[in-house]
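Down below is the structure, laid out as structure tokens.
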Number of protein chains: 2
Amino acid sequence: MNLKQLSETLGLSQTTVSRALNGYPEVKEETRERVQAAAAKHGYRPNSWAKGLATGRSMVIGHVIPSSSQHEMVNPIFGDFVAGAAKTYADHGYDMMFSNAEDTSIEKAYRNLFQRGAVDGVVLQGPKVNEPRIEVLTRMGVPFIVHGRSTGVTSPYDWIDVNNKRSFQRATQFLIDLGHRRIALINGLEDMDFAKRRRDGYLAALNEAGLEPIPSLMRSAEMTEVYGHHETRGMLQLDHPPTAILCSSMISAVGVRRALDEAGLRMGQDVSVIAHDDDLSYLKNGQDVPIFTATRSSVRMAGELAAEMLINRIQAPSEPVMTQLLEAELVVGRSTGPAPN
Amino acid sequence: MNLKQLSETLGLSQTTVSRALNGYPEVKEETRERVQAAAAKHGYRPNSWAKGLATGRSMVIGHVIPSSSQHEMVNPIFGDFVAGAAKTYADHGYDMMFSNAEDTSIEKAYRNLFQRGAVDGVVLQGPKVNEPRIEVLTRMGVPFIVHGRSTGVTSPYDWIDVNNKRSFQRATQFLIDLGHRRIALINGLEDMDFAKRRRDGYLAALNEAGLEPIPSLMRSAEMTEVYGHHETRGMLQLDHPPTAILCSSMISAVGVRRALDEAGLRMGQDVSVIAHDDDLSYLKNGQDVPIFTATRSSVRMAGELAAEMLINRIQAPSEPVMTQLLEAELVVGRSTGPAPN
DNA sequence: CAATGTTTTCAAAGCGCTTTGGATACTCGA
DNA sequence: TCGAGTATCCAAAGCGCTTTGAAAACATTG
């Protein structure tokens, strides 16, 4: 059933029915109720496409997921972030659209999305250092929000991020205070902005304590379980293995633990481990006592907040830039302890 | 730039330009090239909404993600499944839309999506036993595909599923052949169809071997890491603990391993473990030698295939029902071994 | 060269909605 | 009772595309 039919049923004009349904004031309250009742009865839903055409707003937010032929990795935080965002979108009447694009043609994908009028705004996930996509979107003058930030991008833009530097600085400090001197960093790909900032925090803490960074203890790659295992195993075979490991992801930390177990080392005694915990729903960090000492920040909440900010931006395109820096909490679990002598 | 402007630029009618761009035959090849060149030059993209309105097809596929206030769980396979599907959609010119809906109002969400004309078809994920959504969609007469199946639903419908029963039957048999008699099952929520089928397979194998199922060794809940740990820990405290554990998810299996480690038990020697492996990109089952003996089936590939099937269905609504049953492979890793005596 | 057939192009209708610019009905004070 | 002001409703234009039905241009044949 469409507007025309509904209005004929009611003996009203399309104008009036449309207005009644969209809450405009120039319609008698009694009429409005009659219209709403009829709409509910016939299950009338305005056609999205016609509405989009007429209003010029799509009420859709786009997310572009990069697919690369090389690393077929799906970011494990994807699901939780999206779940958070989706809820906020739904509350505000927005739909959520995903586009897939080759790594190389992401810019084209964004351009396409907007030129087609398919979306009112986009969320940019996983920014790299000097992220070119940010400049593209800025130049296009479209509403967008970055989940994360991008070192090196000077033009202002909306973002929401965790204070990665501070949280890793604190975590490193915590280990230093426990007497650790050989602290490893198992980090994400360091062209990713978050990974760079974490390394910066790690290095800052070492520096502050007068410790020289040890290159062989700093690893960087995509954060899978296997990667955590592989690097840990490798480092344990060094002449001077680390007494503590800082790990950028809970999933990799699982691999770290596996490597320690295989080597017969006790986590929290022989080797201390701190992980970053995105508070993923399927990988909670224990129940009462945390398994890992961790820097924790809910990525789901970040999704909710990012969505909220983007919707604000869409409604007020010329407001000054909005940013939000979340602090991760340092939760102390069983995986850390004083350095062995 | 829109069609009208583009056609004026070219000195052609909108009709001709539209046809040239959409590959209709009744346009001179030379003209077509001229049009395409101009379109590319001006970065013309037909407006999605206008196109949708005019054609009646939305070129969008919907996915509804249930959000429940009780269990805030995001299915960890979500990301990989979606990544697979998104790729196929993109190849066929479809977009992908997500809607969020309360557990209780999912039916309404589907109805809404179609009545608004927002989607041409939907993917139904995570079907339960006697899944009511299937009947709803069938009655609505809309294209959809189920990832999984639903025991108890008698009307025919398109689905793609892993042979869960057989794979768990084989896995159980494998353990029995190794001499295990007390085999635990750490399963998903058993109102989920996949979990029911896995239990059926497990029970069938026990039955075939003349073994009595032991209720205290059969657990069922949402498959988190913590859950795997908790149940394993509980079962190890029984008077007669299991010598082998069958686990419905790699993530829970990580928890299982943690519990075994804590108890000082060696996986594959003291206790054997088999997990179901969805081949998630961030949680690969080892590199050369698998960590876990596992029943493996790529959920990403399932996403690709599901998308393909749905697109076929959309293009041929009245074709007979299509189904696809994937066999999981049983990969043997280090986590299984002969039963201790 | 006229008649016929085939290409190639176009004007205009229509998809279902919102919104502008009036029209009509109603209210109320003078 | 009249006129101004307000509340309520409506006809029609327009959003940007596809597609129908017809016209124009061109090619082919007897």
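The sequence lines fix the lettering, A, B, ..., with proteins before strands; numbering per chain opens at 1.
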Return yes if a side-chain donor-acceptor contact under 3.5 Å exists between T15(B) and S18(B), otherwise no. no
Would you mind reading off the distance between N47(B) atom CG and dG16(C) atom P, rounded to a whole angstrom? 17 Å
When rounded to whole Å, the CD to P distance for the pair Q14(A) and dG16(C) reads 10 Å
Distance check needed: dT19(C) C1' versus R57(A) CZ, whole Å only. 12 Å
Among residues 18-38 of chain A, which ones have heavy-atom contacts with DNA chain C below 4.0 Å? S18(A), R19(A), N22(A), Y24(A)
Roughly, in whole Å, what's the span from CG in N2(B) to C1' in dG14(D)? 12 Å
Is any side-chain N or O of K51(A) closer than 4.0 Å to OP1 or OP2 of dG16(C)? no
Could you tell me the separation between the CD atom of Q115(A) and the C1' atom of dG16(D), rounded to a whole number of Å? 15 Å
Please tell me if S13(B) has a side-chain N or O lying less than 4.0 Å from either OP1 or OP2 of dC10(C). yes
Whole angstroms only, please: what is the CG-P distance between L53(A) and dG16(D)? 7 Å
Starting at CH2 of W49(B) and ending at C1' of dT18(C), how long is that distance when rounded to a whole Å? 15 Å
May I ask you to say what T15(A) touches in the nucleic acid, namely base, sugar-phosphate or nothing, with a heavy-atom cut-off under 4.0 Å? base
Are the aromatic rings of F144(B) and F114(B) close, with centres under 6.0 Å apart? no
Side-chain contact, heavy-atom cut-off 4.5 Å: I106(B) with R133(B)? yes
Any donor-acceptor N or O pair under 3.5 Å, side chains D193(A), S150(A): no
Can any side-chain N or O of T151(A) pair as donor or acceptor with the backbone N or O of V129(A) at less than 3.5 Å? no
H92(A)/E308(A) under side chain to side chain donor-acceptor pair (under 3.5 Å): CA gap, chis, key distance, verdict: CA-CA 9 Å; H92(A) 290 78; E308(A) 203 84 55; 3.2 Å; yes
Could you work out how much the helix from dC1(C)-dG30(D) to dA30(C)-dT1(D) bends, comparing the axis of its first five pairs with that of its last five, to 10°? 50°
Flag, side chain of S13(A) to backbone of T16(A), donor-acceptor distance under 3.5 Å: yes
Where does the angle between the aromatic ring planes of H147(A) and F81(A) fall among parallel (under 30°), tilted (30 to 60°) and perpendicular (over 60°)? parallel
Side chain of A50(B) only, heavy atoms from C-beta on: which candidate in dG16(D), dC9(D), dC17(C) is closest? dG16(D)
Ring geometry between H63(B) and Y89(B) (parallel below 30°, tilted from 30 to 60°, perpendicular above 60°): perpendicular
Distance, rounded to the nearest Å, where R116(B) contributes CZ and dT18(C) contributes C1': 17 Å
